[in-house]
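Report on the structure given below.
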Amino acid sequence: MQKNLILYNSLSNKKEEFKPIKDGKVGIYVCGPTVYSSSHMGHARSAIVFDVIVRFLRIVGYEVTYVKNFTDIDDKIINKASELGVDSKDISEKFKQEYIEDMRNLGCIDPDFQPCVSDNIDGIIDLISRIISNGFAYESNGDVYFQIDKFKDYGKLSNQSTDSMLTNHRIEFNPNKNNDLDFALWKKAKDDEPGWESPWGKGRPGWHIECSVMSCNHLGKNFDIHGGGRDLIFPHHENEIAQSESINDGCFANYWLHNGLININQEKMSKSIGNIINIRDALDKWNFNLIRIFFLSHHYRTPVDLSEEKLLEVEKSVRKIVKKINTQGNNSGDKGFRDLWKEAMLDDFNTAKAFGIFFKYINEGLINQSNIKEIEEFEFVMGIKGWREIFINQKENINEEMISEIVIKRNNARKDKNWKLADELRSQAESLGFILIDNKDSTTWEPIDQ
RNA sequence: GGCGGUGUAGCCAAGUGGUAAGGCGACGGUCUGCAAAACCGUUAUACCCCGGUUCGAAUCCGGGCACCGCCUCCA
């Protein structure tokens, strides 16, 4: 069946056939977090999406190098540190470790490389120097700016013309800049700020430059896929392109993939609204498999509305499907499943369609324990693990003696056809948090779903 | 204002030229003393609106409308 991989390239705004630079190999760079606070569900979605993309690329035979950076030097980190009166390194280190843990708890495979800005200062200084000597940047009062009017392709990713950008009133006037749209490659450090010595004095890298350096370090100056959230298209990715291509003869990443953002109860998730959901809080409440299935039931490019209700829906449908897989017999397996879901994935990583196919095949009894290998392959790509056992072993913390007492009493009442008492005992059980199930010749019980 | 995206059943969501996947919910039935679960069945002549192309369009083209995002830090 092996069809070609098609993906939507933000650079052309079209679906394109994927052609790797080197046969059988894929280099992918995904923008990681700025580590100044706990990571949230937006990070989770992006991480899960690219995790599945990498897993899928591997399973169809590509040798993938997956790089995700940490931006551990940034104004927000510095501000947070000074607010708390601690070293900015303490902040970045703490949240970096948290992020790594969160990602693992979400079932994401570690990227092959997770470089930090602070380990790449020399490379950054070197790159900036080369951009300056190529005539695309200038030093001004200890800052270094990229001169966007020197780069004729500026705006090609976000489809913005520089003229229209200049009419934007939100750009702040900065006397050090030649042009309001120029952006910082290097920022002069104030006395109390962390900084590194450079040809332009003590300072720190601007945002954007680190990704140009670190992607090139691990993947080369021209690599296959660059990913990140939609919100990074401008200015971050636009500026990365400008920096990198200004010294690399117009070559950088070939395909740009952007995942959609999330809303919470129909509202944008943002600090000002105060509706940010941290990954840790979500994981306290929901099994990571449910979170993954929720996100993967949507196409990665569309915005997603996250709510308690939606997660509950996922839980219900998963509960049913799990029961089916675990109880259904050994029907003859249907080999169509593997080809169908992979075909869906080959078309711009359509996980939503793949899950639709998965549910359908299970519901129709076409895959079950006898096709466990096929199920496991699907599970591996989607990164869902142990989800078939989520709903087992929930019987702890329940007083079994009390329950069997109620069951015995009720069964006696039923024998006497005392339905009123039997019903009372049933509601008594329910108020204690479990439900009685009358089978042919026995009564069992289960905890009531929360 | 510029750029991009989205608009498919009560809700969520696939579907980019061949006659509407899947999930949740709802309804009817089987089973049950009653339930629960399970199973069977029903649930969009129809894809924001108006034109056009085509034998044929949710899918392509033109024109509207609505919502959202980005354009300042953001996954």
Side-chain angles (χ1 to χ4, degrees), chain A residues 10 13 15 30-34 36-37 39-50 68 71 74-76 79 155 157-172 181 207 227-236 238 258-263 266-271 276 293-294 297-299 301-305 307 309-310 312-321 323-324 327 340 344 347 350-364 413-415 417-420 422-423 426-427 429-430 435-440 443-446 448-449:
Chain A
S10 303
N13 284 320
K15 281 190 184 177
V30 176
C31 285
T34 300
Y36 72 106
S37 64
S39 45
H40 54 66
M41 291 303 270
H43 298 108
R45 185 182 188 196
S46 179
I48 289 167
V49 161
F50 287 102
K68 179 150 75 175
T71 298
D74 180 89
D75 291 358
K76 290 190 292 296
N79 292 341
L157 178 68
S158 55
N159 293 301
Q160 304 265 4
S161 73
T162 51
D163 288 347
S164 74
M165 284 189 256
L166 280 170
T167 62
N168 170 22
H169 301 290
R170 294 212 262 183
I171 291 173
E172 274 176 38
L181 291 177
W207 185 41
R230 280 203 70 82
D231 51 347
L232 293 179
I233 290 176
F234 192 89
H236 186 52
E238 193 69 70
H258 291 101
N259 64 273
L261 307 184
I262 70 175
N263 295 326
Q266 326 273 9
E267 268 184 315
K268 178 186 168 167
M269 184 172 80
S270 79
K271 290 232 154 103
I276 299 244
I293 293 170
F294 170 74
S297 300
H298 300 73
H299 189 95
R301 280 190 280 115
T302 63
V304 149
D305 189 60
S307 68
E309 194 192 343
K310 303 283 167 52
L312 267 170
E313 256 182 36
V314 172
E315 189 182 68
K316 277 185 203 160
S317 59
V318 168
R319 190 185 290 271
K320 281 190 187 172
I321 217 84
K323 221 171 207 170
K324 274 228 153 113
T327 56
L340 269 182
D347 183 7
N350 196 335
T351 55
K353 190 173 184 181
F355 265 98
I357 293 163
F358 184 57
F359 273 74
K360 185 176 182 164
Y361 267 72
I362 289 172
N363 270 326
E364 292 180 358
R414 290 172 73 209
K415 233 177 261 168
K417 296 201 189 295
N418 185 349
W419 307 128
K420 194 177 170 225
D423 287 345
R426 174 187 285 290
S427 1
E430 278 165 12
I435 187 156
L436 301 181
I437 300 150
D438 296 325
N439 306 299
K440 263 233 155 53
T443 299
T444 54
W445 54 270
E446 271 180 20
I448 292 175
D449 303 339

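Below, read A as the first sequence line, B as the second, and so on, with proteins coming before strands; counting in each chain starts at 1. The analysis underlying the following values was restricted to heavy atoms, covering all of them including side chains, and did not include hydrogens, waters or symmetry mates.
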Using a 4.0 Å heavy-atom cut-off across all strands, classify Lys417(A) as base, sugar-phosphate, or nothing.
nothing

Taking the P atom in each of rU30(B) and rA21(B), what is the distance between them to the nearest angstrom?
29 Å

Identify the heavy atoms of Lys68(A) and Gly32(A) that sit nearest to each other, and give their distance.
CG-CA, 3.7 Å

Centroid under 5.5 Å and tilt under 30°, Trp419(A) to rG33(B)
yes

Could you tell me how far apart His40(A) (NE2) and rC73(B) (P) are, to the nearest whole angstrom?
16 Å

Could you tell me whether Ile437(A) contacts a base, only the sugar-phosphate backbone, or nothing, with contacts defined as non-hydrogen atoms closer than 4.0 Å?
base

Here the distance between atom P of rA21(B) and atom CZ of Phe358(A), to the nearest Å, is 21 Å

For the P atoms, the ones on rC61(B) and on rC27(B), what distance do you get once it is rounded to whole angstrom?
43 Å

On a heavy-atom basis, which atom in Ala344(A) and which in Ile357(A) lie closest, and how many Å separate them?
CB-CD1, 4.3 Å

Paired to rC67(B) by Watson-Crick or G-U wobble criteria (both distances under 3.5 Å) is rG5(B)

Base-pairing mate for rU42(B) - Watson-Crick or G-U, with both contacts under 3.5 Å:
rA26(B)

So, is Asn363(A) close to the rG23(B) phosphate, meaning a side-chain N or O under 4.0 Å from OP1 or OP2?
yes

Side-chain N,O (Lys323(A)) to OP1/OP2 (rC39(B)) below 4.0 Å:
no

